[in-house]
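Beneath this line is the structure, given in structure tokens, with notes to follow.
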There are 2 protein chains.
Amino acid sequence: MEAATLKDIARELNISVSTVSRALRDSYEINPETKRLVMECATRLNYRPNPIALSLKGSSSKALAVVVPQIANYYFSQAINGIEEVAQQRGYDVIIFQTHETYEREVAALRQALARRVDGLLISLSSETSTVAHLQEFQQHAPIVQFDRVSSQLATPRVVADNFAGAYAATEHLIKTGRRRIAHLTIQPWLSITQERLAGYRAALEQNCLAYDETLVRFGTFGPNEVGPLVDELLALQPPPDAFFTASDRLAVGCLAALRQRRLRIPADVSLIGFTNLTVADMLAPALSTVEQPATDIGREAVARLLDIIERKHRAAPPATVTMPTALHVRESTSLMDLTP
Amino acid sequence: MEAATLKDIARELNISVSTVSRALRDSYEINPETKRLVMECATRLNYRPNPIALSLKGSSSKALAVVVPQIANYYFSQAINGIEEVAQQRGYDVIIFQTHETYEREVAALRQALARRVDGLLISLSSETSTVAHLQEFQQHAPIVQFDRVSSQLATPRVVADNFAGAYAATEHLIKTGRRRIAHLTIQPWLSITQERLAGYRAALEQNCLAYDETLVRFGTFGPNEVGPLVDELLALQPPPDAFFTASDRLAVGCLAALRQRRLRIPADVSLIGFTNLTVADMLAPALSTVEQPATDIGREAVARLLDIIERKHRAAPPATVTMPTALHVRESTSLMDLTP
DNA sequence: TTGTAAGCGTTATCAG
DNA sequence: CTGATAACGCTTACAA
């Protein structure tokens with residue numbers, strides 16, 4: 001049973017293809033009786049409009065491109081989850097591209113998305129990306145919404161977690177519980193999210209009359225075995241830190257492990273709060289306090305913005321930034337992870 | 001700068017569209033000089049064939065559909081990771097669909113994939129799916145490869161983790177370390193993966209002269225707060241279990257938490273091994289012993305099979321099952337998760 | 001060796 | 001109200 005086309009319906013009813021087309025889109029200029037007949041026949045033949053023909057025709061491809069550094073990452077997979085959910089609901093398919101954190105693959109992904117004539121693009125920048133010419137080029141063809149890792153050089157709507165507030169809340173919580181030397185382990189310094197979190201951390205310190213000490217802040221892409229030495233370095237400071245605030249899942253896990261190996265107790269000796277999202281936090285629960293990133297909501301919100309632009313044909317979308325709230329989950333009181341004999 | 005078409009090149013060079021088309025695909029019947037000219041012009045105008053027009057023409061859409069229950073799940077996001085990697089490498093785009101574990105959405109996804117004229121389908125069945133008519137229907141249009149959650153009712157290649165061997169190894173390890181009453185917490189009984197794991201568990205027991213006791217085996221979709229009571233139930237048995245073997249991340253985490261709440265120590269009081277994958281294991285490391293599922297490799301392998309079928313036009317692919325090895329990671333010796341004061 | 005024309009499924013324009 | 005016809009970008013007989 002091949003897919004039915006307008007032509008099949010037309011042949012069946014001995015009318016023209018254009019009439020069928022119009023009847024199906026409920027054009028006002030079609031005889032109600034004809035409409036009924038066409039509708040009935042369409043249902044009977046299980047007719048589905050061919051989206052490829054529609055795209056060729058030029059109107060819209062009903063497909064969205066999503067470009068992320070990595071799918072196998074809780075944050076991004078949750079974001080894609082939200083994106084796919086809303087997109088499907090509104091009749092759009094989602095085509096996925098990974099950049100693996102390289103500029104080169106980001107460019108390739110955009111080229112591919114362009115070739116596919118997607119109606120819009122959702123992107124979280126690779127950590128290598130520092131120029132946006134490739135995105136500006138893309139923008140001449142279809143609207144873009146940035147999420148999570150965004151660039152202010154690019155005039156598009158942006159949907160991000162409230163990194164500043166999250167970092168502020170975490171830092172302030174640490175201060176309120178008596179911490180004075182709070183280390184901050186974070187990712188690449190040129191990323192928007194890094195800067196915002198750092199700003200929140202710094203603001204909280206300063207609002208609470210604590211000096212910002214740059215020796216307590218470390219940037220990088222730390223591999224699994226690089227966090228330990230780093231924590232050592234920090235603990236060797238005089239005075240040593242009494243708390244850690246980390247900017248990613250991996251950093252939080254590495255830090256947990258390093259602290260444990262050094263026989264430091266949480267929160268007796270040091271406190272630890274990680275910037276992550278609820279699913280990860282639940283897996284580690286409840287040893288780790290977290291600033292929850294609403295990844296799924298960010299995905300949902302981002303795609304909703306994009307679809308609004310696409311459907312209302314607001315090609316010139318306001319480059320507004322939507323900030324999704326983060327939530328501080330403090331879980332230092334008990335540790336279900338105490339599983340040793 | 002709109003995307004260049006064959007027509008643009010033809011106009012530029014004052015030749016016909018068909019000549020350009022042939023030159024670009026290096027047809028033997030074209031003057032080498034013309035070819036050179038066309039090639040040069042194509043490069044200059046940055047010509048990319050329009051995949052949409054190609055699909056309409058009927059040959060191939062260079063797109064693959066991936067249908068999974070949930071993207072926001074480590075297993076599936078890693079599998080998609082591998083799929084996207086290989087697909088992109090071989091020039092195919094990946095369109096993602098989630099079923100959210102419902103049959104209805106699975107059917108909708110297939111319909112959508114069909115409408116998109118994808119060249120092939122990679123699917124991991126929803127837990128609600130018990131009939132395969134919708135897949136057989138799809139098969140008449142494009143080849144399918146199943147992975148992870150597969151149905152033997154459907155004649156397609158299958159790529160799965162070696163669930164039997166993994167479960168066998170886990171169970172045997174528990175026995176060798178002195179356990180005699182090994183509980184098995186697992187998912188929906190009708191899923192292929194459930195059955196294979198159960199079979200491995202059972203075989204290991206029987207090979208080691210232990211009776212299979214069905215009161216120690218529990219099936220279900222346990223919510224976060226349902227695992228606790230279940231563990232209680234099991235522990236109330238006479239004699240109680242001295243080990244747990246769980247079939248998913250969530251079950252493992254729930255079980256960890258429940259055991260802890262009951263002040264049971266791992267592995268002093270009970271042992272615990274979960275069926276999961278390395279990334280999750282690393283996050284929980286090293287409180288949890290695991291049977292690692294090679295999710296990324298399964299994705300890579302599955303898509304490679306599919307592309308081979310597509311490109312060699314082996315529409316009648318042998319419904320062979322590829323079994324990817326699992327690995328037992330024992331990590332009971334130390335617990336970095338002991339973070340309490 | 002190159003050009004012409006038909007066709008893929010749909011919509012839009014323009015006649016009837 | 002309905003029907004031809006052209007167009008979207010490309011491939012492929014068939015003609016020249």
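A, B, ... follow the sequence lines: proteins, then strands. Residue 1 opens every chain. These values consider heavy atoms only, across backbone and side chains, with no hydrogens, waters or symmetry-generated copies. What you see is a predicted model, and the numbers here were worked out from it, not measured in a lab.
As judged by a 4.0 angstrom heavy-atom cut-off over every strand, A:Arg25 is placed among residues touching the sugar-phosphate backbone only.
Between A:Tyr47 atom OH and C:dT11 atom C1' there is a gap of 10 Å when expressed in whole angstrom units. Between the C1' atom of C:dG9 and the CZ atom of A:Arg48 lies a distance of 16 Å, rounded to the nearest Å. As a whole-Å value, the separation of A:Leu37 CG from D:dC1 P is 15 Å. D:dC8 atom C1' lies 13 Å from atom CG of B:Leu6, rounded to whole Å. The distance from atom CZ of B:Arg36 to atom P of C:dT1 is 16 Å, rounded to the nearest whole Å. Taking atom CZ of A:Arg11 as the reference point, atom P of D:dG3 lies 15 Å away to the nearest angstrom. Atom CG of A:Asn50 and atom P of D:dG9 are 16 Å apart (whole Å). In this structure, CG of B:Asn14 is placed 13 Å from C1' of C:dG3, rounded to the nearest angstrom.
At least one side-chain nitrogen or oxygen of B:Thr19 sits closer than 4.0 Å to the OP1 or OP2 atom of C:dG3. The side chain of A:Lys57 contributes no N or O atom lying less than 4.0 Å from OP1 or OP2 of C:dC8. The phosphate of D:dC8 (OP1 or OP2) has a side-chain N or O of B:Lys7 nearer than 4.0 angstrom. The shortest distance between the side-chain N/O atoms of B:Thr5 and the OP1/OP2 oxygens of D:dG9 is not below 4.0 Å. OP1 or OP2 of C:dT4 has not a single side-chain nitrogen or oxygen of B:Ser18 nearer than 4.0 Å. OP1 or OP2 of C:dT2 has not a single side-chain nitrogen or oxygen of B:Tyr28 nearer than 4.0 Å.
With A:Ser21 contributing its side chain and A:Val17 its backbone, the two residues share no donor-acceptor pair below 3.5 Å. In this structure a side-chain-to-backbone donor-acceptor pair under 3.5 Å is missing from B:Arg158 to B:Thr321.
Ion pairing between a basic and an acidic side chain is recognised when a charged N comes within 4.0 Å of a carboxylate O; A:Asp308 and A:Arg305 show no such pairing. The pair B:Glu40-B:Arg44 counts as a salt bridge, with a side-chain nitrogen and a carboxylate oxygen less than 4.0 angstrom apart. Of the charged side-chain nitrogens involved, none lies within less than 4.0 Å of a carboxylate oxygen, so that A:Glu128 and A:Arg105 do not count as a salt-bridged pair.
Between C:dG9, C:dT2, D:dA4, one nucleotide has an atom nearer to the side chain of B:Thr34 than all others, and that is C:dT2. When distances are taken from the side chain of A:Leu54 to each of C:dT10, D:dT12, C:dG9, the shortest belongs to C:dT10. When each of C:dG9, C:dT11, D:dT11 is scored by its nearest atom to the side-chain atoms of A:Ser21, the top-ranked nucleotide is C:dT11. In this structure, of D:dT11, C:dG3, D:dG3, it is D:dG3 that holds the atom nearest to the side chain of A:Ile15. In this structure, of D:dA4, C:dT10, D:dA13, it is D:dA13 that holds the atom nearest to the side chain of B:Arg22. Nearest nucleotide to the A:Leu56 side chain, out of D:dT11, D:dG9, C:dT10: D:dG9.
With hydrogens and angles left out, the side chain of A:Ser16 and the base of D:dA4 share no donor-acceptor pair within 3.5 Å.
Closest-nucleotide positions on DNA chain C for B:Ala53 and B:Asn31 were compared, and the one nearer the 5' end corresponds to B:Asn31.
B:Val20 has its side chain out of reach of B:Leu13: every pair of non-hydrogen atoms, C-beta onward, lies at least 4.5 Å apart.
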